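Report on one structure; see the data block that follows.
The chains referred to below are lettered A, B, ... by the order of the sequence lines, with proteins before strands, and numbering in each begins at 1. Computed from a predicted structure; not experimentally measured.
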Amino acid sequence: MKLQDTLSNSEQELDISKKVRIYLCGVTVYDESHVGHARTIIVFDVLRKYLEKKGIELEFIQNFTDVDDKIISRAQTEGTTAEEISTKYIENYFKDFDGLNVKRATNYPKATEHIDDIIKFIEKLIEKQIAYTTKNGVYFSVSKFPEYGKLSKKKIDELQSGARIEIDEAKKDPLDFAVWKFSDIKPIWDSPWGKGRPGWHIECSAMSIKYLGENFEIHGGGRDLIFPHHENEIAQSESCTGSPFAKIWVHVGMVTINGEKMSKSLENIKSIKHVLKNWGPNIIRLFCLSGHYSKPIDYSEDLLKENLTKWRQAETCYYELIHASSENHEEINPIVKKASTEFDNALEDDFNTHLALSAFFQLVREGNRLAADEKLGKEDAQIIKIELQRMLEILGLSIPEMTENEKQEIDNLIENREQFRKEKQFEEADKIRDKLNKMNVELIDHKVNTIWMKKENIKAEN
RNA sequence: GGUACUCUGGCAGAACGGUUAUGCGUGAGCCUGCAAAGCUUAUACAAGGGGGUUCGACUCCCUCGGGUACCUCCA
């Protein structure tokens with residue numbers, strides 16, 4: 001599989017000859033997660049599901065930043081502790097992302113649970129004279145890392161001239177960044193240099209190396225993390241270990257809304273709770289996968305509606321497949337094979353989810369076409385269904401399961417309606433259909449039979 | 001101001017130096033007791049502007065312009 005690597009600014013082949021190790025920069029837990037977060041995490045969710053489906057072993061680490069100025073200030077305004085805030089939003093995070101059908105990572109390390117590792121990491125940096133102590137904290141000396149700027153393609157001197165970084169006289173260089181901040185305000189920990197808390201970037205260096213080793217396959221996150229976060233991570237990690245850090249840097253484009261980045265400060269966020277309530281997980285996932293991961297996508301009702309239309313087609317296909325009962329046979333193997341190959345090829349080629357979705361919907365259309373022509377045989381349907389299900393699993397899309405009782409009830413109602421139809425009592429028949437509609441069950445009248453589909457209840461409101 | 005990315009039909013989004021992308025939307029039709037769903041079919045001046053290379057450019061080069069992101073916390 002080829003992936004666009006920010007560091008080399010070129011496509012790089014992912015090494016799948018051994019366990020694939022992935023580190024994804026997760027969220028700072030101080031507030032609701034929104035669609036922007038969802039996109040990055042869903043992209044990685046599909047990536048790992050695809051690799052796992054291929055039988056590739058992988059380790060997927062995603063951190064929680066649970067110590068940070070924003071958490072602390074939030075705790076102060078709410079009159080509570082930082083720990084309570086982060087705990088609350090971690091729980092909240094899992095509620096949201098379970099709802100989005102995101103598979104749990106191998107591990108979700110937290111900064112606060114790795115203070116010892118962070119301190120050891122800083123000690124090494126000091127030992128190597130790459131970090132130094134001031135009255136405010138411990139700082140990483142950017143000038144000690146000549147390759148600084150290689151990820152974000154920034155020139156150090158240009159950064160300095162344009163720097164709007166707050167002036168700290170104690171620092172040797174305005175670009176130097178904190179790895180440890182002295183503080184008396186909780187949460188604080190003891191360190192060889194004084195009480196305080198870790199800087200933002202150091203946790204990811206310490207934790208990724210701890211769990212994945214000094215050099216691992218993929219390090220990812222949102223595009224907005226390239227600078228300074230990932231740049232600083234590289235500087236710290238490579239200075240500390242003396243070896244190259246992550247092999248491929250994958251950055252996911254921003255979700256915009258009316259062309260502007262979705263972010264809390266612009267007050268244009270759509271929370272995951274909100275969109276989950278109005279659109280459900282499948283539409284949101286389809287939306288997040290509708291463009292190439294490296295490019296921005298614009299959140300709009302039109303686009304969501306388009307995905308809803310497509311999802312309805314997929315649902316229809318699924319129900320046509322499971323209800324197929326004829327003994328008819330068509331030449332379907334080449335069709336299934338084609339869709340399957342196109343799906344995989346699209347993902348192998350820089351993880352082009354849009355093209356993969358095209359292949360998926362191509363298969364959906366084939367299924368629906370056969371059904372519409374009354375040519376969908378039982379065995380053929382099974383063959384299509386196996387492939388469709390494979391794609392659904394990789395994409396993380398799911399059709400709600402129904403209990404046997406529900407199915408039985410539906411079948412009974414359909415039978416009643418059939419009786420009325422035969423007797424040309426259409427009013428009575430339509431009453432039953434309306435009743436089923438209210439249960440989100442839609443009917444498809446075929447020539448020989450009537451099948452039902454349980455449609456996901458989607459408000460489709462923005 | 002700097003850096004990166006980006007600019008294809010109403011919208012989303014591909015490939016390719018010379019062939020219809022495709023999907024959504026829209027129109028028509030089929031199916032149906034009627035619907036719904038689905039299917040079939042049609043539809044689009046498409047390439048940000050201007051130059052150049054070429055027999056031929058959406059695809060290569062130059063230039064001008066627009067957009068977004070980052071340069072401060074940010075997925």
Side-chain angles (χ1 to χ4, degrees), chain A residues 4 6 9 24-28 30-31 33-44 62 65 68-70 73 149 151-155 157-166 175 200 220-229 231 251-256 259-266 287 290-292 294-298 300 302-303 305-310 312-313 315-317 319-320 342 346 349 352 354-355 357-359 361-362 364-365 367-374 420-422 424-427 429-430 433-434 437 442-447 450-453 455:
Chain A
Q4 182 64 31
T6 309
N9 199 14
L24 175 64
C25 282
V27 296
T28 301
Y30 75 102
D31 207 343
S33 297
H34 57 71
V35 177
H37 303 117
R39 154 123 108 145
T40 300
I41 285 157
I42 286 168
V43 164
F44 273 83
Q62 184 187 323
T65 298
D68 164 273
D69 293 350
K70 282 188 174 174
S73 71
L151 181 74
S152 55
K153 319 291 178 228
K154 291 186 189 303
K155 306 258 186 316
D157 43 337
E158 280 167 4
L159 269 174
Q160 282 166 330
S161 63
R164 283 181 287 158
I165 304 161
E166 69 179 270
L175 291 179
W200 175 34
R223 273 206 106 73
D224 52 356
L225 294 184
I226 295 173
F227 191 90
H229 188 235
E231 192 69 61
H251 288 104
V252 179
M254 296 295 100
V255 173
T256 59
E260 270 186 323
K261 178 181 172 183
M262 185 179 283
S263 76
K264 274 157 210 162
S265 48
L266 290 169
F287 164 75
S290 67
H292 189 265
S294 67
K295 293 185 187 174
I297 42 171
D298 200 56
S300 71
D302 283 351
L303 214 52
K305 275 193 175 146
E306 179 174 334
N307 284 302
L308 174 59
T309 305
K310 291 176 171 176
R312 291 304 192 203
Q313 293 171 356
E315 282 182 312
T316 302
C317 178
Y319 284 103
E320 290 285 8
E342 281 183 16
D349 185 9
N352 192 329
H354 179 88
L355 281 185
L357 286 174
S358 297
F361 286 111
Q362 190 183 304
V364 163
R365 227 164 292 114
N368 285 337
R369 188 178 57 77
L370 287 170
D373 292 348
E374 311 284 349
F420 284 125
R421 287 179 78 206
K422 267 183 200 148
K424 304 233 184 288
Q425 295 189 44
F426 295 120
E427 263 181 44
D430 288 353
R433 186 166 64 192
D434 289 345
N437 282 160
E442 284 185 26
L443 302 182
I444 302 175
D445 289 327
H446 281 297
K447 282 204 173 77
T450 295
I451 71 153
W452 55 264
M453 16 185 211
K455 294 256 162 154

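- Judged by a 6.0 Å distance limit and a 45° cone about the ring axis, A:Lys264 is positioned over the six-membered ring of A:Tyr30.
- Within 4.0 Å of A:Gly259, counting heavy atoms only, lie sugar-phosphate atoms of the nucleic acid but no base atom.
- Proximity of a side-chain donor or acceptor of A:Gln313 to a complementary backbone N or O of A:Arg365 within less than 3.5 Å is not detected.
- Residue A:Gly26 is in sugar-phosphate contact alone, with no base atom involved, counting any heavy-atom pair closer than 4.0 Å across all strands shown.
- Side-chain atoms of A:Leu370 and A:Glu320, non-hydrogen and from C-beta on, never get closer than 4.5 Å to each other.
- Separation of the C1' atoms belonging to B:C30 and B:A35 is 15 Å when rounded to the nearest angstrom.
- For A:His251 against A:Arg223, the heavy-atom pair with the smallest separation is O-NH1, 3.7 Å.
- Using a 4.0 Å heavy-atom cutoff across all strands shown, A:Leu24 reaches no nucleic acid atom at all.
- Among the heavy atoms of the strands lying under 4.0 Å from A:Lys310 are primed sugar atoms or P, OP1, OP2 only; no base atom is included.
- Contacts of A:Phe227 with the nucleic acid, taken as non-hydrogen atoms under 4.0 Å apart, involve only primed sugar atoms and P, OP1 or OP2.
- B:G48 and B:C7: their P atoms are spaced 8 Å apart (whole Å).
- Closest to the A:Val255 side chain, of the nucleotides B:A75, B:C31, B:C39, is B:A75.
- In this structure, A:Asp430 pairs ionically with A:Arg433, as a charged nitrogen and a carboxylate oxygen lie closer than 4.0 Å.
- Contact annotation: side chain of A:Lys70 to base of B:C73, donor-acceptor pair present below 3.5 Å.
- Regarding A:Lys305, its NZ atom lies at a distance of 17 Å from the P atom of B:C24, rounded to whole Å.
- Between the P atom of B:A35 and the CG atom of A:Asp430 lies a distance of 11 Å, rounded to the nearest Å.
- Judged purely by distance below 3.5 Å, without hydrogens or angles, the side chains of A:Thr256 and A:Asp298 pair a donor atom with an acceptor atom.
- Mapping A:His37 and A:His292 onto RNA chain B by nearest heavy atom places A:His292 closer to the 5' end of the strand.
- Rounded to whole Å, the P atom of B:C61 lies 36 Å from the corresponding atom of B:C73.
- Remark: B:G25 base-pairs with B:U43. Criterion, Watson-Crick or G-U wobble with two distances under 3.5 Å.
- A:Ser358 comes within 4.0 angstrom of no nucleic acid atom, judged by non-hydrogen atoms across all strands.
- At distances below 3.5 Å, not a single donor-acceptor pair connects side-chain atoms of A:Lys153 with backbone N or O atoms of A:Asn9.
- Atom P of nucleotide B:A69 and atom CG of A:Leu225 are separated by 15 Å, given to the nearest angstrom.
- For the P atoms, the distance from B:U6 to B:A14 is 11 Å, rounded to whole Å.
- Taking atom C1' in both B:G10 and B:G25, one finds a spacing of 8 Å when rounded to whole Å.
- Taking 4.0 angstrom as the limit, A:Thr28 places a side-chain polar atom (N or O) nearer than this to OP1 or OP2 of B:A75.
- When only modelled atom types and interatomic distance are considered, A:Glu231 and A:Ser152 share a side-chain donor-acceptor pair under 3.5 Å.
- Between the side chains of A:Ser290 and A:His354, no donor N or O sits under 3.5 Å from an acceptor N or O.
- Atom C1' of nucleotide B:U72 and atom CG of A:Asp68 are separated by 13 Å, given to the nearest angstrom.
- As rounded to the nearest Å, B:A21 and B:U43 have C1' atoms that lie 16 Å from one another.
- Separation of the P atoms belonging to B:U41 and B:G51 is 41 Å when rounded to the nearest angstrom.
- As a whole-Å value, the separation of A:Met262 CE from B:U68 C1' is 15 Å.
- A:Lys155 has its NZ atom 13 Å from the P atom of B:G2, to the nearest Å.
- Between the side chain of A:Asp373 and the base of B:C30 there is no donor-acceptor pair of N/O atoms closer than 3.5 Å.
- A sub-4.0 Å separation between OP1 or OP2 of B:G23 and a side-chain N or O of A:Gln313 is absent.
- B:U68 is paired with B:A4 under the criterion used here, namely a Watson-Crick or G-U wobble arrangement in which both key atom distances are under 3.5 Å.
- Using a cutoff of 4.0 Å between basic side-chain nitrogens and carboxylate oxygens, A:Arg421 and A:Asp445 are scored as salt-bridged.
- Closest approach to the A:Leu355 side chain among B:G33, B:A75, B:A21 is made by B:A21 (side chain taken as heavy atoms from C-beta onward).
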Dump every N/O contact between nucleotides 4-12 of chain B and the protein below 3.5 Å, one line per pair.
{"unit_1": "B:C5", "atom_1": "OP1", "unit_2": "A:Asn9", "atom_2": "ND2", "d": "3.2"}

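- Residues A:Val364 and A:Asp224 each lie close to RNA chain B; by heavy-atom proximity, the contact nearer the 5' end of the strand is made by A:Val364.
- Distance from the side chain of A:Glu442 is smallest for B:A37 among the nucleotides B:C39, B:A37, B:A75.
- B:U19 is unpaired under the criterion used here, namely a Watson-Crick or G-U wobble arrangement in which both key atom distances are under 3.5 Å.
- One can place CZ of A:Arg365 at 10 Å from C1' of B:C24, the figure rounded to the nearest angstrom.
- Both distances falling under 3.5 Å, in either a Watson-Crick or a G-U wobble arrangement, occur for no nucleotide opposite B:A57.
- Summarising the geometry of A:Ser73 relative to A:Lys70, their closest heavy-atom pair is OG-O, 3.2 Å, with the distance given to 0.1 Å.
- Listed nucleotides B:G33, B:A14, B:A69 differ in distance to A:Arg433; the shortest reach to its side chain belongs to B:G33.
- B:C31 and B:A47 are spaced 40 Å apart, taking the P atom of each and rounding to whole Å.
- A:Val252 comes within 4.0 angstrom of no nucleic acid atom, judged by non-hydrogen atoms across all strands.
- Comparing B:C70, B:A14, B:U32 by their closest approach to the side chain of A:Lys261 singles out B:C70.
- The nearest whole Å value for the distance from the CG atom in A:Asn352 to the C1' atom in B:A14 is 8 Å.
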